[in-house]
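Chain letters run A, B, ... following the sequence lines, proteins first and then strands; every chain starts at 1.
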Protein chains: 2
Amino acid sequence: MRKGEATRGRIIDCAARLAAVRGLTAVSLGDVADAVGLSKSGLFKHFESKDAMQMAVVEAVMERFGEIVWKPAETHPPGRGRLEAVFEHWLHWCENEWAESGCPIMQLTTELDDQPGPPREYLHMGLGMFRAAVIREFQALRDPPLTEAEAKAAYFQMRSFILGLSEARRMMGDGDAERSARAAFEALLDRTARSAAA
Amino acid sequence: MRKGEATRGRIIDCAARLAAVRGLTAVSLGDVADAVGLSKSGLFKHFESKDAMQMAVVEAVMERFGEIVWKPAETHPPGRGRLEAVFEHWLHWCENEWAESGCPIMQLTTELDDQPGPPREYLHMGLGMFRAAVIREFQALRDPPLTEAEAKAAYFQMRSFILGLSEARRMMGDGDAERSARAAFEALLDRTARSAAA
DNA sequence: ACAGAAAGTGAACGATCGTGCTCTTTCTGG
DNA sequence: CCAGAAAGAGCACGATCGTTCACTTTCTGT
């Protein structure tokens, strides 16, 4: 049972990239089968249904996100350095790791935000854990620590700049977007770190 | 030829709200026909194809966006007051006008950003004109005027906060998101207005 | 009020959707 | 190396997709 796992991985990868472009629901099993070079019925040896495959895609994307964006930042000391590492890897995730298709998390979020079910729940949970972790880092940015409200507000802006970058570059074709996002984030760190306590 | 235009409007409205929830491609003609209370074939008396209907939806959404977000702000004097009016109406557009479905422009953007064709072009043009107009307002925010690069960077952040608000409230269920967005925008105006010239 | 146009229905089409079935090929543990 | 399991192909199914066409109902200009 070794070869099976390899193809299962290839299926998920192809499905994820197609879903990042066209959306999870818009990708048919025929599309995935063609992309991975299998027959439609062959897919059912790896997933019991289309829903199960979609769920596997969501899980794989979130796991990979943690692996690429959060995990390498953990090697940095808490505080500003770690926040900068997270942001830098987040940019890399959006602009390089998913350069052709765009960030699948943004696609999945807008697609699933009003569609109840396990995929939405999983996405919600993953994003929530990431958000909580980054908020903790923001709190450690200053002495005395930021209040939770201040840190949440800072995360709101950080996440906003990532979303803004995706739209600016992918829809508006703004080549300066990455620079704008980076500058906005650095300025956010500056004024957050040196702000007085409430 | 009076009744026809009315139903055509109802069709577009229903289709737009369905598309804001599930995406443009994911909405079938059967869905629209049911929602508006017509037969599938009846739709073809108002649109020659599904593509034409989708194009009409995009046009209607963008026109309504201009009507609700930009036009009322024109009554305010240029500068900070007008920018605040635009942002306030933009929030209203996202949070009230499309409360149940979420902003259709954000949905359409993530759906069409890597799907060439007339709908994408129309969306790109509409967003580009709006962006250029808001950038002009940012330039008028200070004396001497902001450079174009400074104004573009400010618009980038403004747009980012709107996108951040949508995700925070719709996916994360963050009730404070609207307050966060407003506070972030006011702070952006403050530091932009009193920044020194380059 | 009446004729012609517009609006809308219902059935049917070919294509594609997700899924189950049987059958063959390929792998892998003992 | 061989038997059993896993991986995959091919076909067929009912449902739904977008679209067309012939037909009926409803509106509207004169």
K.L.:
Name the residue closer to the 5' end of DNA chain D, choosing between Ser49(B) and Ile11(A) according to the nucleotide with the nearest heavy atom.
P.N.:
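By nearest-heavy-atom nucleotide position, the 5'-most residue is Ile11(A).
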K.L.:
Specify the closest pair of heavy atoms between Arg131(B) and Met172(A), including all atoms of both residues, with the distance to one decimal.
P.N.:
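Answer, listing the atom of Arg131(B) first, then Met172(A): CD-CE, 4.5 Å.
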K.L.:
Out of dG18(C), dG8(D), dG18(D), which has the shortest distance to the side chain of Leu29(A)?
P.N.:
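Minimum distance to the Leu29(A) side chain belongs to dG18(C).
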K.L.:
If the cut-off is 4.0 Å, is Lys50(A) near the phosphate of dG18(C), judged by side-chain N/O to OP1 or OP2?
P.N.:
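For dG18(C), OP1 or OP2 has a side-chain N or O of Lys50(A) closer than 4.0 Å.
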K.L.:
Rounded to whole Å, how long is the line connecting atom CG of Leu38(A) with atom P of dA6(D)?
P.N.:
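Going from CG in Leu38(A) over to P in dA6(D) covers 17 Å.
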K.L.:
Tell me the interatomic distance from Glu5(A), atom CD, to dT28(C), atom C1', rounded to whole angstroms.
P.N.:
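That distance rounds to 14 Å.
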K.L.:
Specify the separation, in whole Å, of atom CG of Asp34(A) and atom P of dC17(C).
P.N.:
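Distance, rounded to whole Å: 9 Å.
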K.L.:
Taking atom types as they are modelled, is there a donor-acceptor pair under 3.5 Å from the base of dG18(C) to the side chain of Lys40(A)?
P.N.:
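Flag set: donor-acceptor pair detected.
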K.L.:
Determine whether the aromatic ring centres of Phe87(B) and Phe185(B) lie less than 6.0 Å apart.
P.N.:
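Phe87(B) vs Phe185(B): aromatic centres under 6.0 Å.
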K.L.:
Does dA6(D) have OP1 or OP2 under 4.0 Å away from a side-chain N or O of His46(A)?
P.N.:
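So the side chain of His46(A) is outside the cut-off, no N or O lying under 4.0 Å from OP1 or OP2 of dA6(D).
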K.L.:
Output the rounded distance in Å from CE (Met53(B)) to P (dG18(D)).
P.N.:
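Atom CE in Met53(B) sits about 8 Å away from atom P in dG18(D).
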K.L.:
Measure the distance from CZ on Arg8(B) to C1' on dA6(C) and round it to the nearest whole Å.
P.N.:
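So the two atoms are 15 Å apart, to the nearest Å.
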K.L.:
May I ask you to verify if any side-chain N or O of Ser41(B) is less than 4.0 angstrom from the OP1 or OP2 atom of dC21(D)?
P.N.:
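No, no such contact exists.
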K.L.:
To the nearest Å, how far apart are Lys45(B) NZ and dT26(D) C1'?
P.N.:
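It is 13 Å, rounded to the nearest whole Å.
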K.L.:
I need the CG-C1' distance between Leu43(A) and dC21(C), as an integer number of Å.
P.N.:
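Going from Leu43(A) (CG) to dC21(C) (C1'), I get 16 Å.
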K.L.:
So that I can tick it off, tell me whether Arg80(A) and Asp190(A) are bridged by a salt bridge, with the cut-off set at under 4.0 angstrom between side-chain N and carboxylate O.
P.N.:
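Salt bridge present between Asp190(A) and Arg80(A).
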K.L.:
Taking only N and O in the side chain of Ser28(A), is any of them less than 4.0 Å away from OP1 or OP2 of dT16(C)?
P.N.:
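False: Ser28(A) side-chain N/O out of range (4.0 Å or more) of dT16(C) OP1/OP2.
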K.L.:
Is any side-chain N of the basic residue among Arg159(A) and Glu167(B) closer than 4.0 Å to the acidic one's carboxylate O?
P.N.:
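Looking at Arg159(A) and Glu167(B), the cut-off is met.
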K.L.:
Between Glu48(A) (CD) and dC21(C) (P), how many Å, whole number?
P.N.:
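Roughly 14 Å, once rounded to whole Å.
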K.L.:
Centroid separation under 6.0 Å, is that true for the rings of Phe130(A) and Phe65(A)?
P.N.:
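Yes, the ring of Phe65(A) comes within the 6.0 Å limit of the ring of Phe130(A), centre to centre.
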